[in-house]
Amino acid sequence: MKELPKAYEPQKYEDNIYKHWEDSGFFNPDNCEKAGLVDVAKGNFSMVLPPPNVTGTLHIGHASMLAIEDLVTRYKRMQGFKTLWLPGTDHAAIATQTKVEKLFIEKGIKDPKKELGRDKFLVEVEKFAQESHDTIVNQCKKMGSSMDWSREAYTLDDARNLAVRHVFKKMYDDGLIYRGYRLVNWCPRCKSTLADDEVEHKEQIAKLYTFKYSKDFPISIATTRPETKLGDAAVAVNPNDERYSKYIGQEFLIKNFGGGADLKIKIIGEENVDVKFGTGAVGVTPAHSAADYEMAQKNNLPIIKIIDENGQMTKEAGEKYFGKPVKVARAEVVEWLKENNLLEKEEETPNNLSICYRCGYAIEPLPSQQWFVDVNRKFILPNSSIDGIKSGDQVTLKKLMQQVVNNKQIEIIPDRFEKTYFHWIDNLRDWCISRQIWYGHRVPVWYCHGLDKGVCLPGCEKPIVSVEVPTKCPNCSSVDLVQDSDTLDTWFSAGLWTFSTLGWPNKTMDLKNFHPTSLLETGYDILFFWVARMILMTTYTLGQIPFEKVYLHGLVRDEKGRKMSKSLGNVINPLDTISQFGADATRLSLLLGNTPGNDLKLSEEKVEGFRNFTNKLWNISRFVLLNIPEPKLDTKLPELKTLSDKWIISNLNKVILDASTMIENYQFSAAGERLREFTWGDLADWYLEIAKVEGSKDEILNYILNNILKLWHPFMPFVTEQIWSEVYGADKILMVEKWPSVAVSNGGDKTLSDFETIKKIITGIRVLRADNKIEPVLKLDVVISAGTKLDLIKENSEVIKTLARLESLEILEKAQKSQTSAGFVEGDIEVFVELTGVIDLDKEKERLQKEFESLTKFINGIENKLANEDFVKNAPAAVIEKERQKLTEAQIKLDKIESQL
RNA sequence: GGGCAGCUAGCUCAGUUGGUUAGAGCACCUCGUUUACACCGAGGGGGUCAGAGGUUCGAAUCCUCUGCUGCCCACCA
C-alpha cells in the first residue's frame, strides 16, 4: 500500500516528467514503432506545429494552440497511430528585423542597418532569433508538448532554403513568377513592399477638400490627399452623368498646379463612379491608388510617380515639392488652393487609413519593380492527386486552391470559414513576394553586370533564376553576376512548411509516410496568410493537398473579452499560470469552454478552478491507492459483485465511448466536460463513497483508476503520468499506454435505472434533512415502502443507511405512513422519515403541498397535449408513448403524495 | 457598402438533425472538522432562451424582420 501526499504540487514533478518522456524517445514515432507500440492497422498521423515567430516569447494564445495539438497528438499516439507532431519556428522576416532594429534604437543607435551594414546586422538578427528560439522551445516543453524535437525545423535554415529555391525556380519556369513594374503597397517605415493582406484598415476622421485644379477647369473634385493630385492624369466621371458627360475625351493642361508640376488631365468615363457621391467626379492618381491604377491601365494614362520609397515627393511633383515629406506637401497644396481661390469646401469625413500590419505606419501605394506570383495564369499540373484534376490538366493557382476545398479533400472546421476562404480567393490578385528587407530568403535571381562593361550579348538583361549560385552568365559567360538584393515574403517559405519540413525536395521516407499531413490546427487569424498559402504552394509543387483537415481555433481574450495587451495590463502569461497552478490546470482552462473558431475568455480564476480539479484527481488516486494492496497494470475487467459495481463500469464504458467520439469530432471541450462529470460526479461523489461501505473493491478500483488516468492523459499529461508512475512504478510510461476500448456490457439500462432509484432515495432523504434543518449528527429512522423494488432496496440497504446517515432502515413491501413522519415518493416507492421531536410537521406538509401543486400543473400540461387530436395524429409514436409514460408515472406519484398529505 | 458570428441563470458558456418540467462550471445562500480531498462535502435559490411576427400538433432549435455586440472583407474619391 502506497500513500500519496495530500495535495498535488505540480512544480515538484513537471520538469522531471517532461525529461522522462524525452529520455524515453517516444516523441519520435520511429522509436514507438521499434518498441512495438504502433498498430499497423491504424496507419500514420501527422501534424506540423504552426511555427511561432522568433520575435520573442510565447503568449497564452500559443499555449492554447499547444494544448489542443498536444491533446490530439497524445490521443492518436495512445490509439496506436504512428504519430508525428513536428515542431519548428518561423523567421518572420519583417517582424523580426523590425524588432531587432527597435532594440538597437532603444540602445541609442539611430540607424542600425546603416551603421552595421547588411552582414553584421544579419548576425545580430540571427543572435536575437536564436535566443527567442530557445525561449520558445523551453516554453513548449513547459506546456508538456510531445513534439518530436529530433525533426525540428526553422523556416530560414539550409534545408528550407533549398526547398524555397527549388519552388521559386519551378514557378519561374512555369511562368507563374514574374518581375514587373506595378503598383504595390509600400511601408515607408519598414522600407519594404507588403502583400495585399498585410495591409490593415483603420477608421479615422480625415479632412476632405473639394476644389478645382484651376479656374478654367469645368469640374470640381474632392480628396483627402491633396498632395497626390500633383500626380493626377485624369478625372473620371460617370458616362451617364449629364453634367459631365459632354467633357469625356477632352484634355486640359493645368500649368504649375500647386505651384509645382504641370498636369495633363483627361476626362474619362467610368461606370462605377457614383453620381451622387461628392461632386460626382474623381481625380485619378494612377501611381498612388490601386483603383486609379486600374483605370489608368484601361485608359492608357501615364503613371506619374510623385511619392518615393521614403515617403517624400519626387521631382515629378515639381521643384517646389521635391524632397518634401508628404504631410508638408499636403499643407502646401492646400495653402496654394486657398491663395488661388480654388478651394470650395473643407469638411471632416470618416476615412479608412491603410496601415502596415507589422508597424502600424501609413501605407503608401506606389509603383515599383517587384517579383509577383501570378494566380490567374494557366499552367500544366503534371502529377495530380487532387480529386477532379487529372495529371496533365491545365489549371491556375486559384483553381487549385478552390478545387481542394470544394471537393472536400480539405475540410475546414468550423465550416463557416470555407465561405470566408472562397471569398478571399475570388478577390485574390497577384501576390507580391519580394521584400526590401535583409532578414529572409534571398531571391534566387542573379543579374549579369557584364552588359555595363560592354562585353555582353543581347539577352543578358534577362534575370538568371537558379537553384544553385550560377558561376557565369549562361549567355555571355561573364562572371560578373550580382544577386537580387531582395528577400522573399516570409509566407513564401511558410507556405512550403508541410513538405519542406519532411525533407522535400529530397525523396524521403518521412515525406512518403507523413504527407499529406492529417491535421492542421491553427488560429483563424492566419487563414489567408498561411493556410491558403500552404494550399497554394503544396497543390502546385506536389499536386497534393498539404493536410486533410484544418481545425481553426479562436483568440484568447481577457475575462472582459478584450484583447490582451501590455498597455491594458491584462496579459496572462502562460509561464505564470504554469508556475502558480500547474501546466495541467493551464491546459484545461484553455481546452474546456472553448469551441472551434470562437474566441475564449480566460481569467486567473478559471485556471485556479482547474487546479482544484487536478488536485481532485490526485486525491481520487490517493484514496484508491490506500485501498489497493497491490496495483496491477494488467487490467482485465474484474468480477462485478454489487449494483454499484455494475453501475460504475457501465458508466465508465459509456464515458470511454463518448470521450473517444467527441475527440474524434474535435469536440475537445465536450469530451473534457464529459470526463469531468464522470470523474467528479459519478466516481468521486458516489462510487468512492459507496466503496467505503461495501469494501473489498481493490480490483475494480484498480481497473477504474487505470482507465481514467488514460482517458485524462491527453488533457492533463503531467498529473496523470505522475500518478501512473507512483502507482505502477517509475519505469512505466502512461504516454504510450493503449487508449481504453469499450468492454462489452449487458443489462446497462436496468443497472442505470436501478442505481438511479437508490441515488434518488438517498438524495431525497438528504433534501428532507436540509429543508428541515436537521443536523448531520442526528441519525434518522426511515421506513421504505418498496413495492416491486423490495429486493433491490434490501440489497443496497447498507449503502442507503450510510450515505443518508440513518440510525435504522426498515424495508417493507407495503408500509403506511405514520402520523409523525415525513415522506416522499420516488416512482412506486415511498420513503418515510420518522420525525418525532425532530421537526415541525406543518412545515413538512407545506413542502408536500407545494410539490403536489407543481406536479398537478405538470400532469395538466401532458393531459392537454394528449387530448390534442393534432398532436396524437402527427407526432411520432415514440414521442406519444413517452408522453403517456410520463403521465402514468406522474399520476402514481401524485396519488402517493396525496395520501401523505 | 458586402459578409460572418454572437445575444440562454449574476459571470463564462453547453444545448448534435425541432419532441425531458432548458443544463454545466464559477459566483451566491444554508449546513457541515463523516481519516481521499476545505484546492472539500451535502443541500438550495436563480432563466418570458435579445424583441416582434411566421411555419408546426409542438420552437432556445426552422423562416422573415428589428435591435444591439464583435469580427472579417471592400478602390466610394
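Below, read A as the first sequence line, B as the second, and so on, with proteins coming before strands; counting in each chain starts at 1.
- Comparing B:G70 with B:U8, their P atoms are spaced 15 Å from each other, to the whole Å.
- The residue A:Lys419 sits close only to the backbone: its heavy atoms come under 4.0 Å of sugar-phosphate atoms, none of a base.
- No side-chain N or O of A:Thr210 forms a donor-acceptor pair with one of A:Glu344 less than 3.5 Å apart.
- With P as the reference atom, B:C62 and B:G15 are 12 Å apart, rounded to whole Å.
- The residue A:Glu689 sits close to a base: some heavy atom pair falls under 4.0 Å.
- Heavy atoms of A:Ala875 sit under 4.0 angstrom from at least one base atom.
- Between A:Arg884 and A:Glu889 there is no salt bridge, since none of the side-chain N atoms of the basic residue sits less than 4.0 Å from a carboxylate O of the acidic one.
- When each of A:Ala770 and A:Asp274 is assigned the nucleotide of RNA chain B with its nearest heavy atom, A:Ala770 is the one assigned upstream, toward the 5' end.
- Residue A:Arg676 is in sugar-phosphate contact alone, with no base atom involved, counting any heavy-atom pair closer than 4.0 Å across all strands shown.
- Rounded to whole Å, the C1' atom of B:U48 lies 37 Å from the corresponding atom of B:G1.
- Residue A:Asn352 is in base contact, counting any heavy-atom pair closer than 4.0 Å across all strands shown.
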**Asked** Given Watson-Crick or G-U pairs with both distances under 3.5 Å, what dot-bracket string fits RNA chain B, with | for other-strand pairs and [ ] for crossing?
**Response** ((((((((.[[[[.)...(...]]]].(((((.......))))).....[[[[[..)....]]]]])))))))....
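- Within the nucleic acid shown, A:Arg429 comes within 4.0 Å of sugar-phosphate atoms alone, with no base atom in reach, counting heavy atoms only.
- Backbone-only contact: A:Arg766 has heavy atoms under 4.0 Å from sugar-phosphate atoms and none from a base.
- Among the heavy atoms of the strands lying under 4.0 Å from A:Asn351 are primed sugar atoms or P, OP1, OP2 only; no base atom is included.
- Comparing the C1' positions of B:A9 and B:G44 gives an interatomic distance of 14 Å, to the nearest angstrom.
- Boundaries of the chain A contact region on RNA chain B are B:C4 to B:A77, first to last in 5' to 3' order (nucleotide atom under 4.0 Å from a heavy atom).
- Of the C1' atoms belonging to B:G46 and B:A27, the separation is 12 Å, rounded to the nearest Å.
- As rounded to the nearest Å, B:C72 and B:G19 have C1' atoms that lie 38 Å from one another.
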**Request:** Assess whether salt bridge (charged side-chain N to carboxylate O under 4.0 Å, His left out) is satisfied between A:Lys563 and A:Asp558, documenting all intermediate values.
**Result:** CA-CA 6 Å; A:Lys563 257 191 178 170; A:Asp558 77 356; over 6 Å; no
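- Nucleic acid contact class of A:Thr595 (heavy atoms, under 4.0 Å, all strands): sugar-phosphate only.
- Side-chain contact, A:Asp274 with A:Asn238: no donor N or O sits under 3.5 Å from an acceptor N or O.
- Classification of A:Arg225 and A:Glu364 as a salt-bridged pair holds, one side-chain N sitting under 4.0 Å from a carboxylate O.
- Taking the charged nitrogens against the carboxylate oxygens, A:Arg769 and A:Glu775 have no contact shorter than 4.0 Å, which rules out a salt bridge.
- Going from the C1' atom of B:C49 to that of B:A24 covers 16 Å, rounded to whole Å.
- Counting non-hydrogen atoms of other residues, nucleotides and ligands closer than 6.0 Å to NZ of A:Lys207 gives a total of 12 or fewer.
- Residues A:Tyr13 and A:Tyr8 place their aromatic rings such that the two centres sit under 6.0 Å apart.
- In this structure, A:Thr763 reaches the sugar-phosphate backbone alone: every heavy-atom distance under 4.0 Å involves primed, P, OP1 or OP2 atoms, never a base.
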**Request:** Apply salt bridge (charged side-chain N to carboxylate O under 4.0 Å, His left out) to the pair A:Arg416 and A:Glu418, showing each step before the final yes or no.
**Result:** CA-CA 5 Å; A:Arg416 65 185 144 93; A:Glu418 288 183 5; over 6 Å; no
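- For the pair A:Glu807 and A:Lys801, the salt-bridge criterion is not met [side-chain N within less than 4.0 Å of a carboxylate O].
- For the C1' atom pair drawn from B:C39 and B:A14, the interatomic distance equals 25 Å after rounding to whole Å.
- In this structure, the ring of A:Phe211 has its center no less than 6.0 angstrom from the ring center of A:Phe217.
- Nearest-nucleotide assignment on RNA chain B puts the 5′-proximal partner with A:Thr614, out of A:Asn868 and A:Thr614.
- The six-membered or imidazole ring of A:Phe613 lies near that of A:Trp712, with a centre-to-centre distance under 6.0 Å.
- Residues of residues 4-14 of chain A that place a heavy atom closer than 4.0 Å to RNA chain B, in numerical order, are A:Lys6.
- Among the protein residues, A:Ala670 comes within range of no part of the nucleic acid, since none of its heavy atoms lies under 4.0 Å from any strand.
- A parallel orientation is assigned to the rings of A:Tyr524 and A:Phe417, their planes being inclined by less than 30° (bins at 30° and 60°).
- Within the 4.0 angstrom heavy-atom criterion, base atoms lie near A:Lys692.
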